[in-house]
Colleague: 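What follows is a single structure, and I will ask about it in a moment.
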Amino acid sequence: ELGLRTPQVGLQRVGVHLGDRLACLDVVALLNQHRPHATAGPGGHIDLGALQPAIAAGDRIGAGKESSGPVRISEHVVGSPERLDSRARAEGWEGLIAKTARSRYISGKRSTDWRKLKILHEQEFVVAGWSEPRKSRPHFGALILAVRDGAAWRYVGHVGTGFTDAELAKVMAMLRPLETRACPFATPPPENETPHWVKPTLVAQVRFTEWTDDGVLRHPVYLGLRDDKPARKVVREEQPSGSLVDQLRFLEDARREAFV
(Lines give C-alpha, C1' and ligand atoms only; values in the text may rest on other atoms or scores of the structure.)
Protein backbone atom coordinates (compact mmCIF):
# COMPACT_ATOMS: atom_id res chain seq x y z
CA GLU A 1 0.00 0.00 0.00
CA LEU A 2 1.43 3.34 -1.04
CA GLY A 3 0.49 6.84 0.00
CA LEU A 4 1.30 9.99 -1.97
CA ARG A 5 2.21 13.29 -0.30
CA THR A 6 1.41 11.81 3.06
CA PRO A 7 0.36 13.98 6.03
CA GLN A 8 3.56 12.94 7.82
CA VAL A 9 5.46 15.07 5.32
CA GLY A 10 2.98 17.89 5.86
CA LEU A 11 3.41 17.78 9.64
CA GLN A 12 7.14 18.16 9.21
CA ARG A 13 6.68 21.11 6.90
CA VAL A 14 4.43 22.90 9.37
CA GLY A 15 7.42 23.84 11.48
CA VAL A 16 9.01 25.51 8.47
CA HIS A 17 5.99 27.55 7.47
CA LEU A 18 4.54 28.53 10.87
CA GLY A 19 4.04 32.25 11.15
CA ASP A 20 2.81 32.59 14.74
CA ARG A 21 3.34 30.90 18.09
CA LEU A 22 -0.28 29.91 18.55
CA ALA A 23 -0.30 27.71 15.44
CA CYS A 24 2.90 26.05 16.59
CA LEU A 25 1.32 25.28 19.97
CA ASP A 26 -1.66 23.71 18.21
CA VAL A 27 0.58 21.31 16.33
CA VAL A 28 2.67 20.43 19.39
CA ALA A 29 -0.50 19.74 21.35
CA LEU A 30 -1.74 17.53 18.52
CA LEU A 31 1.42 15.42 18.51
CA ASN A 32 1.63 15.26 22.29
CA GLN A 33 -1.95 14.08 22.47
CA HIS A 34 -1.03 10.99 20.45
CA ARG A 35 2.52 10.56 21.70
CA PRO A 36 1.89 7.18 23.39
CA HIS A 37 1.14 5.78 19.93
CA ALA A 38 4.19 7.32 18.25
CA THR A 39 7.06 6.56 20.60
CA ALA A 40 10.46 6.40 18.93
CA GLY A 41 12.00 2.95 18.81
CA PRO A 42 15.64 1.86 18.76
CA GLY A 43 17.87 4.30 16.91
CA GLY A 44 15.23 7.02 17.03
CA HIS A 45 13.01 5.32 14.43
CA ILE A 46 9.37 6.42 14.48
CA ASP A 47 6.57 4.14 13.35
CA LEU A 48 4.51 6.48 11.18
CA GLY A 49 1.83 3.82 10.83
CA ALA A 50 1.05 4.39 14.51
CA LEU A 51 0.36 8.06 13.86
CA GLN A 52 -3.00 7.47 12.18
CA PRO A 53 -4.91 9.24 15.01
CA ALA A 54 -2.64 12.26 14.58
CA ILE A 55 -3.15 12.16 10.82
CA ALA A 56 -6.91 12.21 11.25
CA ALA A 57 -6.67 15.05 13.76
CA GLY A 58 -4.34 16.94 11.42
CA ASP A 59 -6.84 16.59 8.60
CA ARG A 60 -9.52 18.08 10.85
CA ILE A 61 -7.28 21.02 11.71
CA GLY A 62 -6.39 21.57 8.05
CA ALA A 63 -9.97 21.31 6.80
CA GLY A 64 -11.15 24.56 5.28
CA LYS A 65 -7.83 26.38 5.75
CA GLU A 66 -6.23 28.29 2.88
CA SER A 67 -3.07 26.64 1.51
CA SER A 68 -1.17 29.92 1.99
CA GLY A 69 -1.90 30.02 5.74
CA PRO A 70 0.63 29.33 8.51
CA VAL A 71 -0.55 25.71 8.99
CA ARG A 72 -0.43 23.51 5.91
CA ILE A 73 -1.55 19.88 5.90
CA SER A 74 -0.33 18.05 2.80
CA GLU A 75 -3.01 16.35 0.75
CA HIS A 76 -2.59 12.60 0.52
CA VAL A 77 -3.97 9.56 -1.26
CA VAL A 78 -3.71 6.00 0.06
CA GLY A 79 -3.75 3.06 -2.31
CA SER A 80 -4.54 4.24 -5.85
CA PRO A 81 -2.53 7.34 -6.86
CA GLU A 82 -3.88 7.79 -10.40
CA ARG A 83 -6.14 10.72 -9.46
CA LEU A 84 -3.31 12.64 -7.81
CA ASP A 85 -1.03 11.85 -10.75
CA SER A 86 -3.53 13.44 -13.14
CA ARG A 87 -3.92 16.47 -10.92
CA ALA A 88 -0.15 16.91 -10.61
CA ARG A 89 0.14 17.07 -14.38
CA ALA A 90 -2.84 19.36 -14.84
CA GLU A 91 -1.58 21.84 -12.24
CA GLY A 92 2.06 21.72 -13.28
CA TRP A 93 3.54 20.20 -10.11
CA GLU A 94 7.18 19.19 -10.07
CA GLY A 95 6.24 15.73 -8.83
CA LEU A 96 4.98 13.69 -5.88
CA ILE A 97 6.33 12.10 -2.72
CA ALA A 98 5.33 8.44 -2.28
CA LYS A 99 5.90 6.15 0.69
CA THR A 100 4.87 2.76 2.00
CA ALA A 101 1.91 3.67 4.20
CA ARG A 102 3.13 2.02 7.41
CA SER A 103 6.86 2.46 6.93
CA ARG A 104 9.18 3.92 9.56
CA TYR A 105 10.74 7.36 9.22
CA ILE A 106 14.51 7.11 9.79
CA SER A 107 16.01 10.49 10.54
CA GLY A 108 19.01 11.39 8.41
CA LYS A 109 18.93 8.25 6.27
CA ARG A 110 17.57 7.39 2.86
CA SER A 111 14.95 4.66 2.61
CA THR A 112 13.44 2.85 -0.35
CA ASP A 113 10.10 3.12 1.46
CA TRP A 114 10.06 6.80 0.46
CA ARG A 115 10.10 7.77 -3.20
CA LYS A 116 10.53 11.11 -4.93
CA LEU A 117 8.66 10.96 -8.25
CA LYS A 118 9.36 13.70 -10.77
CA ILE A 119 7.13 14.47 -13.70
CA LEU A 120 9.38 13.99 -16.72
CA HIS A 121 8.98 15.46 -20.19
CA GLU A 122 10.49 14.03 -23.32
CA GLN A 123 10.67 15.27 -26.89
CA GLU A 124 12.99 15.76 -29.84
CA PHE A 125 15.19 18.82 -30.38
CA VAL A 126 17.37 20.02 -33.23
CA VAL A 127 21.13 20.12 -32.71
CA ALA A 128 22.33 23.66 -33.45
CA GLY A 129 25.93 23.14 -32.38
CA TRP A 130 28.24 21.89 -29.65
CA SER A 131 30.42 23.37 -26.94
CA GLU A 132 34.06 22.62 -26.19
CA PRO A 133 34.64 19.87 -23.61
CA ARG A 134 36.10 20.49 -20.16
CA LYS A 135 39.03 18.67 -18.58
CA SER A 136 39.39 15.06 -19.77
CA ARG A 137 36.04 14.70 -21.50
CA PRO A 138 36.49 13.78 -25.17
CA HIS A 139 34.91 15.30 -28.28
CA PHE A 140 32.43 17.87 -26.90
CA GLY A 141 30.96 19.18 -23.68
CA ALA A 142 27.31 19.59 -24.62
CA LEU A 143 24.97 19.81 -27.56
CA ILE A 144 23.30 23.15 -28.20
CA LEU A 145 19.58 22.58 -28.75
CA ALA A 146 16.90 24.42 -30.72
CA VAL A 147 13.29 24.21 -31.85
CA ARG A 148 11.56 25.77 -34.82
CA ASP A 149 9.70 28.99 -33.98
CA GLY A 150 7.91 30.16 -37.10
CA ALA A 151 10.62 30.78 -39.70
CA ALA A 152 13.42 31.01 -37.11
CA TRP A 153 15.34 28.77 -34.73
CA ARG A 154 14.91 29.32 -31.01
CA TYR A 155 17.54 28.33 -28.47
CA VAL A 156 16.26 26.00 -25.72
CA GLY A 157 19.39 24.99 -23.84
CA HIS A 158 22.35 22.60 -23.69
CA VAL A 159 22.45 18.87 -22.97
CA GLY A 160 25.69 17.30 -21.72
CA THR A 161 24.35 14.38 -19.68
CA GLY A 162 23.47 10.92 -20.95
CA PHE A 163 26.43 10.26 -23.27
CA THR A 164 28.77 7.30 -23.21
CA ASP A 165 32.26 7.72 -24.69
CA ALA A 166 31.13 5.70 -27.70
CA GLU A 167 28.09 7.93 -28.21
CA LEU A 168 30.24 11.07 -27.88
CA ALA A 169 32.50 9.77 -30.66
CA LYS A 170 29.55 8.75 -32.85
CA VAL A 171 27.78 12.12 -32.54
CA MET A 172 31.02 14.06 -33.04
CA ALA A 173 31.66 12.20 -36.31
CA MET A 174 28.23 13.32 -37.51
CA LEU A 175 28.68 16.92 -36.35
CA ARG A 176 32.01 17.65 -38.04
CA PRO A 177 30.72 17.60 -41.64
CA LEU A 178 27.86 19.94 -40.64
CA GLU A 179 30.05 22.59 -38.98
CA THR A 180 29.54 26.16 -40.14
CA ARG A 181 30.59 29.63 -39.01
CA ALA A 182 27.02 30.92 -39.16
CA CYS A 183 25.08 30.92 -35.89
CA PRO A 184 21.51 29.69 -36.53
CA PHE A 185 20.06 32.03 -33.89
CA ALA A 186 19.25 35.70 -34.42
CA THR A 187 20.83 36.37 -31.01
CA PRO A 188 23.65 34.01 -29.97
CA PRO A 189 22.87 32.33 -26.62
CA PRO A 190 25.13 32.76 -23.57
CA GLU A 191 28.06 30.35 -23.53
CA ASN A 192 30.44 29.13 -20.83
CA GLU A 193 32.60 27.33 -23.38
CA THR A 194 33.46 28.09 -27.01
CA PRO A 195 30.51 27.18 -29.27
CA HIS A 196 30.73 25.46 -32.64
CA TRP A 197 27.71 25.89 -34.90
CA VAL A 198 26.30 23.33 -37.32
CA LYS A 199 23.66 23.26 -40.00
CA PRO A 200 20.45 22.38 -38.08
CA THR A 201 19.94 18.89 -39.45
CA LEU A 202 20.45 16.37 -36.64
CA VAL A 203 17.55 15.63 -34.27
CA ALA A 204 18.13 14.40 -30.70
CA GLN A 205 15.66 12.87 -28.24
CA VAL A 206 15.95 14.49 -24.80
CA ARG A 207 14.28 13.94 -21.42
CA PHE A 208 13.93 16.87 -19.02
CA THR A 209 12.04 17.91 -15.89
CA GLU A 210 10.46 21.19 -17.00
CA TRP A 211 10.71 24.41 -18.98
CA THR A 212 12.06 27.49 -17.22
CA ASP A 213 10.17 30.78 -17.43
CA ASP A 214 12.51 31.95 -20.20
CA GLY A 215 11.96 28.83 -22.31
CA VAL A 216 15.07 26.80 -21.45
CA LEU A 217 15.18 23.10 -20.55
CA ARG A 218 15.80 22.16 -16.92
CA HIS A 219 17.83 19.00 -16.16
CA PRO A 220 18.01 17.71 -19.75
CA VAL A 221 19.33 14.20 -20.45
CA TYR A 222 20.34 12.98 -23.90
CA LEU A 223 18.59 9.77 -25.01
CA GLY A 224 19.80 9.37 -28.58
CA LEU A 225 19.57 10.65 -32.16
CA ARG A 226 16.49 10.29 -34.30
CA ASP A 227 16.19 9.96 -38.06
CA ASP A 228 12.41 9.72 -38.35
CA LYS A 229 11.51 13.41 -38.12
CA PRO A 230 12.72 16.34 -40.25
CA ALA A 231 14.44 19.07 -38.26
CA ARG A 232 12.15 21.77 -39.68
CA LYS A 233 9.13 20.07 -38.03
CA VAL A 234 10.60 20.07 -34.51
CA VAL A 235 8.67 22.54 -32.34
CA ARG A 236 8.13 22.91 -28.62
CA GLU A 237 5.68 20.38 -27.20
CA GLU A 238 3.76 20.89 -23.98
CA GLN A 239 2.55 17.47 -22.86
CA PRO A 240 4.62 15.51 -20.30
CA SER A 241 5.24 11.84 -20.96
CA GLY A 242 5.63 8.92 -18.60
CA SER A 243 3.14 8.19 -15.82
CA LEU A 244 4.23 8.75 -12.22
CA VAL A 245 2.32 5.60 -11.35
CA ASP A 246 4.36 3.60 -13.87
CA GLN A 247 7.53 5.20 -12.52
CA LEU A 248 6.61 4.13 -8.99
CA ARG A 249 5.76 0.60 -10.09
CA PHE A 250 9.11 0.33 -11.89
CA LEU A 251 10.98 1.41 -8.75
CA GLU A 252 9.10 -1.05 -6.57
CA ASP A 253 9.63 -3.92 -9.04
CA ALA A 254 13.33 -3.05 -9.23
CA ARG A 255 13.56 -3.05 -5.43
CA ARG A 256 11.96 -6.50 -5.20
CA GLU A 257 14.43 -7.77 -7.81
CA ALA A 258 17.33 -6.15 -5.89
CA PHE A 259 18.22 -3.64 -8.63
CA VAL A 260 17.69 -0.57 -6.39
Side-chain angles (χ1 to χ4, degrees), residues 94-95 110 116-244 246-247 250-251 254 257 259-260:
E94 180 181 343
R110 291 181 179 270
K116 181 180 180 182
L117 307 176
K118 284 195 171 186
I119 295 177
L120 298 177
H121 304 246
E122 185 180 315
Q123 75 155 87
E124 66 276 359
F125 296 96
V126 176
V127 179
W130 79 87
S131 63
E132 286 287 334
R134 295 181 180 180
K135 299 181 179 180
S136 61
R137 178 165 177 152
H139 305 298
F140 60 86
L143 297 180
I144 303 170
L145 303 176
V147 293
R148 198 69 175 171
D149 187 7
W153 294 104
R154 182 162 64 84
Y155 167 76
V156 296
H158 291 59
V159 60
T161 303
F163 297 93
T164 62
D165 286 349
E167 188 69 10
L168 286 169
K170 170 189 168 182
V171 174
M172 189 76 257
M174 301 177 73
L175 290 172
R176 286 294 186 190
L178 300 174
E179 188 173 7
T180 177
R181 292 185 177 181
C183 174
F185 305 113
T187 302
E191 296 289 345
N192 293 325
E193 304 296 333
T194 303
H196 296 263
W197 306 113
V198 299
K199 297 176 183 178
T201 302
L202 296 179
V203 176
Q205 190 75 10
V206 175
R207 178 182 296 135
F208 58 101
T209 56
E210 63 181 339
W211 292 93
T212 65
D213 291 340
D214 53 353
V216 175
L217 303 177
R218 193 183 299 279
H219 307 137
V221 177
Y222 171 86
L223 299 178
L225 294 177
R226 293 182 54 173
D227 59 4
D228 60 336
K229 189 167 185 177
R232 66 181 181 278
K233 292 188 177 181
V234 175
V235 297
R236 174 172 169 172
E237 301 171 2
E238 300 297 337
Q239 292 298 321
S241 61
S243 165
L244 290 175
D246 291 339
Q247 185 183 153
F250 169 80
L251 289 171
E257 296 173 9
F259 292 139
V260 295

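Since the model is a prediction, treat every value here as computed from it, not as a measurement. Heavy atoms only: backbone and side chains are in, while hydrogens, waters and symmetry mates are out.
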Colleague: On a heavy-atom basis, which atom in A186 and which in P188 lie closest, and how many Å separate them?
Modeller: O-CD, 4.0 Å
Colleague: Hey, could you give me each pair passing side-chain hydrogen bond (donor to acceptor under 3.5 Å, both in side chains) that has a residue in residues 168-185? Not counting sequence neighbours.
Modeller: E179-H196
Colleague: Tell me the side-chain hydrogen bond (donor to acceptor under 3.5 Å, both in side chains) pairs involving residues 145-155, sequence neighbours left out?
Modeller: Y155-H158
Colleague: Looking at P184 and W197, what are the two nearest heavy atoms and their distance?
Modeller: CD-CE3, 3.7 Å
Colleague: For P230, which residues count as a side chain to side chain contact (heavy atoms under 4.5 Å, CB included) partner, sequence neighbours excluded?
Modeller: R232, K233
Colleague: Suppose we screen for side-chain hydrogen bond (donor to acceptor under 3.5 Å, both in side chains). Which residues come up paired with D213, at least two apart in sequence or across chains?
Modeller: none
Colleague: Go through the structure and list residues passing side-chain hydrogen bond (donor to acceptor under 3.5 Å, both in side chains) with T187, not counting sequence neighbours.
Modeller: none
Colleague: State which residues pass salt bridge (Lys or Arg N to Asp or Glu O under 4.0 Å) with R236; sequence neighbours excluded, sorted by chain then number.
Modeller: E238
Colleague: What donor-acceptor contacts under 3.5 angstrom involve side-chain atoms of residues 135-144, with partners at least two apart or in another chain?
Modeller:
{"unit_1": "R137", "atom_1": "NE", "unit_2": "F140", "atom_2": "O", "d": "3.0"}
{"unit_1": "R137", "atom_1": "NH1", "unit_2": "G160", "atom_2": "O", "d": "3.0"}
{"unit_1": "R137", "atom_1": "NH2", "unit_2": "G160", "atom_2": "O", "d": "3.0"}

Colleague: Just verifying a value: how many Å separate L202 CG and L145 CG, rounded to the nearest 0.5 Å?
Modeller: 11.5 Å
Colleague: Suppose we screen for salt bridge (Lys or Arg N to Asp or Glu O under 4.0 Å). Which residues come up paired with E193, at least two apart in sequence or across chains?
Modeller: R134
Colleague: Distance from W130 atom CH2 to L168 atom CG, nearest 0.5 Å?
Modeller: 13.0 Å
Colleague: What are the two closest non-hydrogen atoms of V126 and P200, and how far apart are they?
Modeller: CG1-CB, 3.6 Å
Colleague: Output a table of donor-acceptor pairs, distance under 3.5 Å, between side-chain atoms of residues 215-226 and any protein atom two or more places apart or on a different chain; print 'none' if there are none.
Modeller:
{"unit_1": "R218", "atom_1": "NE", "unit_2": "E210", "atom_2": "OE2", "d": "2.8"}
{"unit_1": "H219", "atom_1": "ND1", "unit_2": "T209", "atom_2": "OG1", "d": "3.1"}
{"unit_1": "Y222", "atom_1": "OH", "unit_2": "E167", "atom_2": "OE2", "d": "2.5"}
{"unit_1": "Y222", "atom_1": "OH", "unit_2": "L225", "atom_2": "N", "d": "3.3"}
{"unit_1": "R226", "atom_1": "NE", "unit_2": "D228", "atom_2": "OD1", "d": "2.9"}
{"unit_1": "R226", "atom_1": "NH1", "unit_2": "E124", "atom_2": "OE1", "d": "3.0"}
{"unit_1": "R226", "atom_1": "NH1", "unit_2": "Q205", "atom_2": "OE1", "d": "2.8"}
{"unit_1": "R226", "atom_1": "NH2", "unit_2": "D228", "atom_2": "OD1", "d": "3.2"}
{"unit_1": "R226", "atom_1": "NH2", "unit_2": "D228", "atom_2": "OD2", "d": "3.0"}

Colleague: What closest approach, in Å, do W211 and E237 show between heavy atoms, and which atom pair accounts for it?
Modeller: NE1-O, 3.7 Å
Colleague: Kindly give the heavy-atom pair with the smallest separation between A204 and V127, and that separation in Å.
Modeller: CB-CG2, 4.2 Å
